[in-house]
K.L.:
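The structure under discussion is supplied below as structure tokens; questions concerning it will follow.
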Amino acid sequence: MKRITLRLILTSLLTLVCNSSALADSSDDIVVVANVSHEQATLTREQVRNLFMGASVGYQLYPVALPPQNRTRSLFNAKVIGMAESRIQSYWAQMKFTGRLTPPEEVRNEREMLAYLTHNKGSIGYLTADTELPEDLVVLFSTD
């Protein structure tokens, strides 16, 4: 009896782990969304990277970031920026110290990111691709 119960528990745990891994993989893609009126606009990975690192890309866009420990930010850094968080923090410390650039506005979580983007024209941010977006936000770039 104990052996059957243990086997059932282990099978259930294995199924749960496999299903949660599949769910985790589905949200590894990142979308960069903005509150802009021109729906035809798209950005390249390089333009998004430059924008979030303080450069101008020819559009009046104002980047918004998630906090450093956030999983979505880690995915964005890896897939779009192409740098580790420590290098990004070092870069922004240097830019702030020299007075050349200021880092993107930061919000606490994805829910606040959606609210900020929805209420601020010209703002641009990133979310996982499985995030349900309000119709007034436009996807400008996707990692899928």
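The model shown is predicted, which means the values in this text are computed figures rather than measured ones.
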K.L.:
Quick one: salt bridge (Lys or Arg N to Asp or Glu O under 4.0 Å) partners of R108, sequence neighbours excluded?
P.N.:
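Testing R108 for salt bridge (Lys or Arg N to Asp or Glu O under 4.0 Å), a comparison that skips the adjacent residues, returns E112.
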
K.L.:
When hydrophobic residues are tied together by side-chain contacts of less than 4.5 Å, even through go-betweens, does V32 share a cluster with M83?
P.N.:
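Same cluster.
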
K.L.:
What heavy-atom pair brings P104 and P63 nearest, and what distance separates the two atoms?
P.N.:
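Heavy atoms of P104 and P63 come nearest at CB-O, 3.5 Å.
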
K.L.:
Can you list the residues that meet the side-chain contact (heavy atoms from CB on, under 4.5 Å) rule with Q47, with sequence neighbours excluded?
P.N.:
L43, T44, V57

K.L.:
Using the ring-ring contact (aromatic ring centres under 6.0 Å, His included) rule, collect all pairs that involve residues 87-110, keeping only residues at least two apart or in two chains.
P.N.:
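Listed once each, the pairs would be none.
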
K.L.:
Suppose we screen for side-chain hydrogen bond (donor to acceptor under 3.5 Å, both in side chains). Which residues come up paired with S90, at least two apart in sequence or across chains?
P.N.:
none

K.L.:
For T131, which residues count as a side-chain hydrogen bond (donor to acceptor under 3.5 Å, both in side chains) partner, sequence neighbours excluded?
P.N.:
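Here the qualifying residues are T128.
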
K.L.:
Grouping I, L, V, M, F, W and Y whenever their side-chain heavy atoms are under 4.5 Å apart, do Y62 and L137 come out in a common cluster?
P.N.:
no

K.L.:
Is the shortest side-chain heavy-atom distance between I30 and L127 below 4.5 Å?
P.N.:
no

K.L.:
Can you list the residues that meet the side-chain hydrogen bond (donor to acceptor under 3.5 Å, both in side chains) rule with E132, with sequence neighbours excluded?
P.N.:
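Not a single residue meets the side-chain hydrogen bond (donor to acceptor under 3.5 Å, both in side chains) criterion with E132.
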
K.L.:
Taking CD in Q60 as the centre, count heavy atoms belonging to other residues, nucleotides or ligands within less than 6.0 Å. Is the count above 12?
P.N.:
no

K.L.:
Could you give the distance from CD (Q89) to CG (N77), rounded to the nearest 0.5 Å?
P.N.:
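The distance works out to 9.0 Å.
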
K.L.:
So which pairs with a foot in residues 74-94 pass salt bridge (charged side-chain N to carboxylate O under 4.0 Å, His left out), sequence neighbours left out?
P.N.:
D29-K79, R73-E85

K.L.:
Look up atom CE in M53 and atom CG in L101, then write down how far apart they are to the nearest 0.5 Å.
P.N.:
9.5 Å

K.L.:
First locate atom CD1 of I81, then atom CG of L75, and finally report the distance between them rounded to the nearest 0.5 Å.
P.N.:
12.5 Å

K.L.:
Check step by step if side chain to side chain contact (heavy atoms under 4.5 Å, CB included) holds for V31 and L140.
P.N.:
CA-CA 8 Å; V31 290; L140 299 182; over 6 Å; no

K.L.:
Could you note down all residue pairs passing ring-ring contact (aromatic ring centres under 6.0 Å, His included) where residues 102-135 supplies at least one of them, sequence neighbours left out?
P.N.:
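Applying ring-ring contact (aromatic ring centres under 6.0 Å, His included) to every pair that reaches into residues 102-135, excluding sequence neighbours, yields F52-Y126, F76-Y126.
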
K.L.:
Show every salt bridge (charged side-chain N to carboxylate O under 4.0 Å, His left out) that has at least one partner inside residues 96-105, sequence neighbours left out.
P.N.:
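Output for this query is empty, none listed.
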
K.L.:
Return each pair, listed once, that meets salt bridge (charged side-chain N to carboxylate O under 4.0 Å, His left out) where at least one residue sits in residues 41-64; pairs must be two or more places apart or across chains.
P.N.:
none

K.L.:
Nearest 0.5 Å please: distance from the CG atom of L117 over to the CG atom of L133.
P.N.:
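Going from CG on L117 over to CG on L133, the span is 9.0 Å.
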
K.L.:
Got a second to check how far S37's OG is from D136's CG, nearest 0.5 Å?
P.N.:
12.0 Å

K.L.:
For a 4.5 angstrom cut-off between non-hydrogen side-chain atoms, does E110 reach L66?
P.N.:
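Result yes, sub-4.5 Å side-chain heavy-atom pair found.
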
